[in-house]
Amino acid sequence: MAPSHALRCCKRAVNWIPVLFIHLVVGWSYYAYVVELCVYTIPNNEERISYLVIFHISITMFIWSYWKAIWSTPASPAKAFCLPRAEKELYEREERAERQQEILKKVARNLPVYTRTVGGAVRYCDSCQVIKPDRCHHCSTCEMCVLKMDHHCPWVNNCVGFSNYKFFILFLAYASLYCVVICATVVQYFIKFWTKQLPDTHAKFHILFLFFVAALFFISILSLLSYHLWLVGKNRTTIEAFRAPAFSNGPDKNGFSLGFSRNVAEVFGDEGKYWIFPIFSSQGDGQSFVTRLVHIDPEQANSVLQHNGKSPVNVGETSLAVPSDTQHTVDNSKEKMDEGQRDSVTVEREP
């Protein structure tokens, strides 16, 4: 037990190395920009002050969003997704996989769970002993099930998921902005040092290296930011981009897509004034998600929507969602007609 505990502690300490590296780079860039560039190199006070103001705004937003991505505790499934005591005892005593699945399906029938394994089985985590909500996955590094898990990021030493996905995207965005501010304001002095228009001083190395580092980081971060913005527009996680979520009627890569505006609002919220700040404003609880309505005809969908106070949908209209309680109403009525049909709640026409 002791060696295992010591090994686990060492592993956790090693996981902080990438985070420490980022802080060291940012700390050096702060010294190089503020001291070597603004204090020792820039002769004009107005230029120096304007550069310092812009720089400190960008680095403040960058560090704020970065720390929020690091220190936000990953959201895990609620107790409702745990097996009741009686079913749990039956599940643990049962050795046949088929019988275990029957127990899980019985419990899952009362939960907003519509995704399955590739083989059609209810997704259950033996480590956490919970039925996995839709889009939830077990992280072996964090040793827990994470709601709407996107990936485990070593640069924040944390799982990126429902609780901090907005913070992670803002971290990438403000890191890119930070690099742009550095490159745009340093470039003229970079050229002057490079062409020897300025005398060789101790600031030369810092300014030349600062420009190269900022440019390289900007290229790498911008590609990652672009990819995640594309995921937001499609309402997919990184895991779902590589492996489409499987529903009762099979895999559907657009199963959670509600249309571009609704997809963005799901991550950033309805109020645009909060989008640029690393303040949690994502919609939902991370445990239930609306899905595309596939096997229910528009007339039946309209009746369900009107029953729940929603506007009816016309053929070809997109992005119309129904609350999770409606999902069960639809599912129960459809279950009697066709057990193989989709459990879903949203009308959408994708191109």
Side-chain angles (χ1 to χ4, degrees), residues 16 18-19 22-23 26-27 29-30 53-78 133-137 139 142 144-181 217-218 221-222 224-240 256-290 319 321 323-324:
W16 285 103
V19 177
I22 293 295
H23 280 81
V26 174
S29 68
Y30 184 88
V53 170
I54 297 173
F55 175 80
H56 280 91
I57 292 175
S58 63
I59 194 174
T60 298
M61 298 303 294
F62 166 43
I63 295 297
W64 184 10
S65 56
Y66 184 45
W67 284 355
K68 289 286 285 187
I70 293 174
W71 299 111
S72 295
T73 303
S76 57
D134 293 343
R135 318 183 82 176
C136 174
H137 298 275
C139 177
C142 295
M144 63 181 295
C145 283
V146 179
L147 297 181
K148 198 184 178 182
M149 179 178 174
D150 187 90
H151 69 289
H152 184 91
C153 180
W155 299 109
V156 300
N157 190 29
N158 199 3
C159 258
V160 177
F162 175 75
S163 64
N164 63 350
Y165 190 48
K166 176 189 173 183
F167 307 148
F168 179 75
I169 293 177
L170 289 180
F171 150 59
L172 296 178
Y174 286 123
S176 300
L177 177 63
Y178 181 66
C179 294
V180 168
V181 168
F217 269 88
F218 173 73
I221 294 173
L222 182 63
L224 185 59
L225 173 62
S226 301
Y227 175 68
H228 278 281
L229 290 177
W230 178 80
L231 290 178
V232 170
K234 296 290 185 179
N235 203 343
R236 299 176 195 168
T237 63
T238 299
I239 295 175
E240 292 165 354
F256 295 108
S257 181
L258 310 175
F260 180 78
S261 59
R262 293 289 298 275
N263 293 343
V264 172
E266 186 170 296
V267 175
F268 290 92
D270 287 327
E271 300 187 59
K273 61 183 179 181
Y274 296 121
W275 286 12
I276 64 174
F277 298 105
I279 300 172
F280 186 81
S281 58
S282 301
Q283 294 181 338
D285 58 3
Q287 300 183 123
S288 59
F289 300 89
V290 292
S319 306
S324 58

Got more than 12 heavy atoms from elsewhere within 6.0 Å of [atom1], [X]?
X      : atom1 : answer
Trp67  : CH2   : no
Tyr274 : OH    : no
Phe280 : CZ    : yes

Checklist entry - Stepwise, does the side chain to side chain contact (heavy atoms under 4.5 Å, CB included) test hold for Arg135 with Phe289? => result CA-CA 9 Å; Arg135 318 183 82 176; Phe289 300 89; 3.6 Å; yes

With side chains defined as the heavy atoms from C-beta onward, is the minimum distance between [X] and [Y] less than 4.5 Å?
X      : Y      : result
Phe167 : Ser72  : yes
Trp230 : Arg236 : yes
Ser163 : Thr73  : no
Leu177 : Phe62  : no
Val264 : Trp275 : yes
Cys145 : Cys136 : yes
Tyr174 : Ile276 : yes
Ile59  : Tyr30  : yes

Got a donor-acceptor contact below 3.5 angstrom from the [X] side chain to the [Y] backbone?
X      : Y      : answer
Asn158 : His152 : no
Ser58  : Phe55  : yes
Asn235 : Phe256 : yes
Asn157 : Pro18  : no

Next on the checklist: Suppose we screen for salt bridge (Lys or Arg N to Asp or Glu O under 4.0 Å). Which residues come up paired with Lys166, at least two apart in sequence or across chains?
Outcome noted: none

Checklist entry - Hey, mind stepping through Ile239 and Asp150 against side chain to side chain contact (heavy atoms under 4.5 Å, CB included) and telling me if it holds? => result CA-CA 6 Å; Ile239 295 175; Asp150 187 90; over 6 Å; no

Nearest heavy atoms of [X] and [Y], plus distance in Å:
X      : Y      : answer
Ile221 : Leu172 : CG2-O, 3.4 Å
Ala78  : Gln287 : N-OE1, 2.6 Å
Ser176 : Leu225 : OG-CD2, 4.0 Å
Asn263 : Val232 : CB-O, 3.2 Å
Cys139 : Val146 : CB-CG2, 4.2 Å
Cys159 : Asn164 : O-ND2, 3.1 Å

Would you give the length of the straight line joining atom [atom1] of [X] to atom [atom2] of [Y], rounded to the nearest 0.5 angstrom?
X      : Y      : atom1 : atom2 : result
Ser282 : Phe162 : OG    : CZ    : 6.0 Å
Asp270 : Ser261 : CG    : OG    : 9.5 Å
Leu170 : Lys68  : CG    : NZ    : 11.0 Å

Item to check | Aromatic ring proximity, centroids under 6.0 angstrom, Phe168 and His151 | outcome: yes

Checklist entry - Under 4.0 Å between a Lys/Arg side-chain N and an Asp/Glu carboxylate O for Glu266 and Lys148? => result yes

Next on the checklist: Hydrogens and angles aside, do Tyr66 and His23 bring a side-chain donor and acceptor to less than 3.5 Å of each other?
Outcome noted: no

Checklist entry - Taking atom types as modelled and ignoring hydrogens, do the side chains of Tyr178 and Ser29 form a donor-acceptor contact shorter than 3.5 angstrom? => result yes

Item to check | Worked check of side chain to side chain contact (heavy atoms under 4.5 Å, CB included) between Leu231 and Lys234 | outcome: CA-CA 5 Å; Leu231 290 178; Lys234 296 290 185 179; 5.9 Å; no

Checklist entry - Where do Phe171 and Val156 land on the side chain to side chain contact (heavy atoms under 4.5 Å, CB included) test, with the steps shown first? => result CA-CA 10 Å; Phe171 150 59; Val156 300; 4.2 Å; yes

